[in-house]
Amino acid sequence: MTGRVLFSSQCAFPFFPAFRTVSSSASRLTKSVRFRHSLASFSNCNSHVHSGEDKTTQKDPFVITTPLYYVNAPPHMGSAYTTIAADAIARFQRLLGKKVIFITGTDEHGEKIATAAAAHGCSPSEHCDAVSESYRLLWKDLDVAYDKFIRTTDPIHERIVREFYEKVLSRGDIYRADYEGLYCVNCEEYKDEKELLENNCCPVHLKPCVLRKEDNYFFALSKYHKSLEEVFSQNPNFIQPSFRSNEVQGWINSGLRDFSISRASVEWGIPVPNDKKQTVYVWFDALLGYISALLDGKQEPTLENAISLGWPASLHLIGKDILRFHAVYWPAMLMSAGLNLPKMVFGHGFLTKDGMKMGKSLGNTLEPKDLVNRFGSDAVRYFFLREVEFGNDGDYSEERFINTVNGHLANTIGNLLNRTLGLMKKNCNSTVAVDSAIAAEANVFKETVGELVEKARAHYENLSLSSACECILEIANAGNLYMDKHSPWSLFKKGGASSESAAKDLVIILEAVRIISVALSPVAPQLCLRIHSQLGYSEDTFEALTWEDTRWGGLKAGQIMAQPKPVFERIELKHDGEDESGSIGKVEKEKKKIERQMVAET
Ligand SMILES: Nc1ncnc2c1ncn2[C@@H]1O[C@H](COP(=O)(O)OP(=O)(O)OP(=O)(O)O)[C@@H](O)[C@H]1O
């Protein structure tokens, strides 16, 4: 934030030490930087700040949060991106057997909301109800299995904000002063002149900031610079990916200033406890939603009760646009209130359109609902998690979307299952002839699958979701190669011992597909459920799967497969095999190859 705090002597401009730097690079959708960090190995960053208070144990829940989305407009693909990533991570942690609390919700106060409501001719609360509901509906369409949905207009949340404010006040960290600076209403933030474009335009929203002068309450952020310094130097993994730590370092190096936490001119907000003429600044209010969300309605809404239900959060997943609030303001606020810090903040990149951040304020958004209606939730989830290296920016193109999901989900995974089940139906009465463990004794393919699954697990743990998908797809590629090399259809034609060997090959391939259905389930849950059902299992057993089920040996003799049916319908291109540019797509060529293959296998 910039500007001048008038009549106050509390501003300070501390400097932070250098942070850890970045690693190497690879390429996918756009420029891409690889990074390594692991939730499993992350040391708790509270040990040196509030040592006696940290009671983290293995039994503690894995608490993951998305940003609480601002209800100035309905969700778009950017909001969906963070949420599906959080959902995949939460599902993976559940597979590991952890108790997970997955928190999402909506941020509903502030000037921008009041303005948006007025533009739609409704009251702010009617507006918030409608937009908040549109987020819930989208999460349902995208198969997002959150545990808590917090709205910052919930009275319980208001109680938590008041208590927190009073705690910080009693620590002597809130004071009153006049403030003058350039304000971006879309960011709801005072800006530093240095970071603005021509005509004082916000670099994110490309709209001019306005000069504001207000009599506000301030939070003494500068008082915490040394403690923050300690947090960052002792916990280099606190901010991820590591290159984002450098951005935070840059901000801190350029000076940490106290920030205003109330607004005199905004009515739509939580009243400041000791001054009803002001409302609490929307960010000071919204960040506390991560704590109030923990309450389950059974207890008094107090900070102590909320904290006892799962604080500190294991992971705040956010876009890089709101890193400063989570990496600097929020830890300082928590330290002031004597509360533990979250264990990790991960700031991912932007989905872009023509190189610009897709966003509600710019209006250059992609409609996730439209994508889900046309292609299904698995395709949307898989494409964005597989094709955007998590942490970096990524651009969307429909052609690439269709080619990826057709190529990977329909042609590689779906077709492997379908062709194997077809052969099994024709030659083995759709029944598993022998335990998969026995079928694959001393089998190299089995070893390959085991190695790839281990790698996938490590990638999930490091939040490298794209690489996890890549390893799982590799299993299917290896399965297709195995099938082509062993040609079980020709062995069945020979009969006798060759038939027995062919039946074993089918079991081996289906066991690999079974493992894929467990390992890919955090990313594409419905697709994996369909695979599970095709393999003859009930829906209940799918719900009970754990990562242990990725071990070789699940398919047992006598298991009866379902009727073969494609688990992922190939998305058909326009004009009989031509894509929008008029050329025959790569996927169409693959489709033709598969058709030829099927003729050969009958
Ligand atoms: N283009 C995007 N790419 C990736 N994530 C995004 C994108 N846009 C929004 N998000 C997610 O939503 C969060 C911001 O939520 P917010 O409700 O402010 O949405 P917004 O569309 O960025 O709004 P605005 O355009 O008004 O700034 C980001 O931190 C990120 O988690």
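Start at 1 and go down the list; that is how both ligands and their atoms are numbered.
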Closest approach of any protein heavy atom to [atom], naming residue and atom:
atom	value
atom 15 (O) of ligand 1	Tyr69 CD2, 3.8 Å
atom 23 (O) of ligand 1	Lys360 CE, 3.4 Å
atom 3 (N) of ligand 1	Leu351 N, 2.8 Å
atom 28 (C) of ligand 1	Asp321 OD1, 3.3 Å
atom 7 (C) of ligand 1	Gly78 CA, 3.4 Å
atom 1 (N) of ligand 1	Met358 O, 2.6 Å
atom 24 (P) of ligand 1	Ser361 OG, 3.3 Å
atom 11 (C) of ligand 1	Thr82 OG1, 3.5 Å

Find all atoms of ligand 1 within a distance of less than 4.0 Å from any non-hydrogen atom belonging to [X], and give their numbers and elements.
X	value
Lys357	1 (N), 7 (C), 8 (N), 20 (P), 22 (O), 27 (O)
Gly359	21 (O), 25 (O)
Ile322	29 (O)
Tyr70	17 (O)
Gly319	28 (C), 29 (O), 30 (C), 31 (O)
Lys112	26 (O)

Closest to atom 21 (O) of ligand 1 (judged by heavy-atom distance), picking from Met356, Glu188, His76:
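Minimum heavy-atom distance to atom 21 (O) of ligand 1 goes to His76.
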
With sequence neighbours excluded, give me every salt bridge (charged side-chain N to carboxylate O under 4.0 Å, His left out) pair touching residues 73-89.
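Every pair satisfying salt bridge (charged side-chain N to carboxylate O under 4.0 Å, His left out) with a residue in residues 73-89: Asp87-Arg91, Asp87-Arg381.
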
In plain terms, say whether [X] and [Y] are close enough for a salt bridge, that is, a side-chain N and a carboxylate O under 4.0 Å apart.
X	Y	value
Arg151	Asp129	yes
Arg159	Glu163	no
Arg162	Glu158	yes
Arg374	Glu398	yes
Lys320	Glu247	no
Arg400	Glu387	yes

Would Gly349 count as a contact residue for ligand 1, given that I'm defining contact as a non-hydrogen atom of the residue lying under 4.0 Å from a ligand atom?
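Gly349: in contact with ligand 1 (<4.0 Å).
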
Has Lys320 got any heavy atom lying under 4.0 angstrom from an atom of ligand 1?
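Checking ligand 1 against Lys320, which is what was asked, there is no heavy-atom contact under 4.0 Å.
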
Which one holds for Asn72 and ligand 1: side chain close, backbone close, both close, or neither close, with close meaning a heavy atom under 4.0 Å?
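Just the side chain.
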
Under 4.0 Å from ligand 1, counting heavy atoms only, is it the side chain of His348, its backbone, both or neither?
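Within the 4.0 Å criterion, His348 contacts ligand 1 through side-chain atoms alone.
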
Kindly confirm or rule out an N or O of [X] lying under 3.5 angstrom from an N or O of ligand 1.
X	value
Tyr135	no
Asn186	no
Pro67	no

Close side-chain approach of Ser79 and Trp139, heavy atoms under 4.5 Å:
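In contact.
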
Quick one, Ile413 and Leu520 - any side-chain contact, counting heavy atoms below 4.5 Å?
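Sidechains of Leu520 and Ile413: in contact.
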
Distance-only polar pair, side chains of Tyr135 and Thr104, donor-acceptor under 3.5 Å:
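Not at all, the side chains of Tyr135 and Thr104 share no donor-acceptor pair under 3.5 Å.
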
For a quick test of your reading: what N or O donor-acceptor pairs under 3.5 Å do the side chains of residues 284-292 make, sequence neighbours left out?
unit_1: Asp285; atom_1: OD1; unit_2: His157; atom_2: NE2; d: 2.7
unit_1: Asp285; atom_1: OD2; unit_2: His109; atom_2: ND1; d: 2.6
unit_1: Tyr290; atom_1: OH; unit_2: His326; atom_2: NE2; d: 2.7
unit_1: Ser292; atom_1: OG; unit_2: His157; atom_2: ND1; d: 2.6
unit_1: Ser292; atom_1: OG; unit_2: Leu288; atom_2: O; d: 3.2

Between the main-chain N or O of Leu221 and the side-chain N or O of His225, is there a donor-acceptor pair closer than 3.5 Å?
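Such a contact is absent between His225 side chain and Leu221 backbone.
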
Option from Leu351, Asn364, Leu138, Thr365 for which side chain to side chain contact (heavy atoms under 4.5 Å, CB included) with His76 holds:
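Between His76 and the candidates, side chain to side chain contact (heavy atoms under 4.5 Å, CB included) is satisfied uniquely by Thr365.
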
